[in-house]
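All values derive from a computational prediction rather than experimental measurement.
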Amino acid sequence: MQISDNDKHFMLRALELAQVGMNSNSGGPFGCVIAKDGQIVGEGVNQVTSTNDPTAHAEVVAIRNACKKLDSFQLDGCVVYTSCEPCPMCLGAIYWARPECIFIACNRDDAAEAGFDDAFIYDELCTTEVEQRKVPIFSLMRDEGRAVFQNWIDKPDKIEY
């Protein structure tokens, strides 16, 4: 992978956003930029504590902003620049958005050293059986739920994603 001056520029902006968000007490020290065709189409800072929204991580905020600006639920042709390796939630959101690639400044070990350790979530999702997770998951009304999926399968005018 060839790193361009644009890549460095966008990552520098993500790092600036992380500092700005932290200084303004909007949330933790995380920033994200989404670019397409050499232009920023979305930015985000962590807003968890300022909005009382545990999903308001910088990457999710940036995805929401970029998708709104692009009038699309996918980030085709986009690149994500984030100040830190995305947590499992953000990584899932990024995968659903389908950008071309992700650049990270820091990794999850760097985040853990700063007090943001999400290893327990990776462990829960990747190695712990559903029945043994810390947040219990119970199956309820599966047949009824499957009927809704069947309705989706049969829906002729659905918008697939």
Side-chain angles (χ1 to χ4, degrees), residues 1-128 130 133-137 149 152 158-161:
M1 162 66 60
Q2 182 75 12
I3 306 296
S4 71
D5 286 340
N6 264 353
D7 293 324
K8 293 175 185 176
H9 170 75
F10 296 137
M11 182 58 78
L12 181 59
R13 177 64 182 152
L15 293 167
E16 289 171 354
L17 288 168
Q19 187 68 50
V20 167
M22 184 186 68
N23 290 349
S24 69
N25 289 323
S26 68
F30 301 97
C32 182
V33 166
I34 299 174
K36 181 174 185 173
D37 299 327
Q39 300 294 316
I40 293 175
V41 295
E43 294 184 336
V45 298
N46 183 291
Q47 299 175 3
V48 170
T49 58
S50 62
T51 63
N52 294 320
D53 180 354
T55 69
H57 289 200
E59 295 89 345
V60 172
V61 172
I63 289 168
R64 290 173 181 161
N65 290 334
C67 287
K68 184 175 182 178
K69 181 172 185 172
L70 296 172
D71 194 28
S72 175
F73 55 84
Q74 293 188 333
L75 297 176
D76 297 324
C78 292
V79 177
V80 175
Y81 301 86
T82 184
S83 62
C84 189
E85 180 180 354
C87 75
M89 176 188 69
C90 292
L91 190 58
I94 290 167
Y95 268 73
W96 277 114
R98 296 181 175 92
E100 285 185 7
C101 66
I102 308 165
F103 286 94
I104 65 171
C106 299
N107 63 35
R108 68 178 87 166
D109 296 326
D110 300 322
E113 286 179 20
F116 298 94
D117 190 355
D118 53 14
F120 74 99
I121 300 173
Y122 281 103
D123 290 344
E124 284 271 313
L125 297 177
C126 298
T127 63
T128 304
V130 172
R133 292 187 179 160
K134 288 182 177 56
V135 177
I137 299 174
F149 276 141
W152 171 257
K158 64 183 167 236
I159 299 172
E160 295 195 35
Y161 58 96

| message | Donor-acceptor pair, distance only, cut-off 3.5 Å: does the side chain of Glu124 make one with the backbone of Lys134? | response | yes

| message | For the backbone of Asp110 and the side chain of Asn107, can you confirm whether one donor and one acceptor N or O come within less than 3.5 Å of each other? | response | yes

| field | Minimum heavy-atom distance between Ala97 and Ile63, given as atom pair plus value | value | CB-CG2, 4.3 Å

| Worked check of side chain to side chain donor-acceptor pair (under 3.5 Å) between Thr55 and Asp53 | CA-CA 5 Å; Thr55 69; Asp53 180 354; 2.6 Å; yes

| Does Lys158 use its side chain to pair, donor to acceptor, with the backbone of Trp152 at less than 3.5 Å? | yes

| request: Working to the nearest 0.5 Å, report the span between OH of Tyr81 and CD1 of Ile40. | output: 9.5 Å

Output side-chain donor-acceptor pairs under 3.5 Å for residues 8-20, partner residues at least two apart or in another chain, one line each.
residue : atom : partner : partner atom : Å
Arg13   : NE   : Glu43   : OE2          : 2.8
Arg13   : NH2  : Glu43   : OE1          : 3.1
Gln19   : NE2  : Asn23   : OD1          : 2.9

| query | For Arg133, what residues pass the side chain to side chain donor-acceptor pair (under 3.5 Å) criterion, not counting sequence neighbours? | reply | none

| query | Nearest heavy-atom pair of Ser83 and Ala105: which atoms, and what distance? | reply | O-CB, 3.3 Å

| Asp118 side chain near Pro88 side chain, heavy-atom distance below 4.5 Å | yes

| query | Within the side chain of Glu85, is there an N or O that forms a donor-acceptor pair under 3.5 Å with the backbone of Arg108? | reply | yes

| request: Looking only at non-hydrogen atoms, find the nearest pair between Glu59 and Pro86 and report the distance. | output: OE2-CA, 3.8 Å

| said: Can a donor-acceptor pair be found, under 3.5 Å and without considering hydrogens, that links the side chain of Asn46 to the backbone of Gly28? | reply: yes

| request: With sequence neighbours excluded, tell me which residues meet side-chain contact (heavy atoms from CB on, under 4.5 Å) with Ser24. | output: Ser26

| task | Begin with the C-alpha distance, continue with both residues' side-chain angles, and end with the deciding distance and a verdict on side chain to side chain contact (heavy atoms under 4.5 Å, CB included) for Arg98 and Leu75. | result | CA-CA 6 Å; Arg98 296 181 175 92; Leu75 297 176; over 6 Å; no

| Out of curiosity, Ile34 CD1 to Ile94 CD1, how far, rounded to the nearest 0.5 Å? | 7.5 Å

| said: Would the distance check show the side chain of Lys69 and the main-chain N or O of Arg64 forming a donor-acceptor pair, the cut-off being under 3.5 Å? | reply: no

| query | Of the non-hydrogen atoms in Tyr122 and Cys87, which two are nearest, and what is the gap between them? | reply | OH-C, 4.0 Å

| request: Flag the pair Val79 / Lys36 as yes when at least one side-chain heavy-atom distance between them is below 4.5 Å, and no otherwise. | output: no

| query | Are the side chain of Asp7 and the backbone of Ser4 linked by a donor-acceptor contact shorter than 3.5 Å? | reply | yes

| remark: Heavy-atom nearest pair, Cys84 first then Ala111, reads SG-CB, 3.7 Å

| said: Nearest 0.5 Å, please: how far is CD1 in Ile121 from OG1 in Thr128? | reply: 12.0 Å

| task | Report the C-alpha separation of Phe73 and Trp96 in whole Å, then their side-chain angles, then the decisive distance to 0.1 Å, and conclude whether the side chain to side chain contact (heavy atoms under 4.5 Å, CB included) test is met. | result | CA-CA 9 Å; Phe73 55 84; Trp96 277 114; over 6 Å; no

| field | Heavy-atom closest pair, residues Asn25 and Ser50 | value | O-CB, 4.2 Å

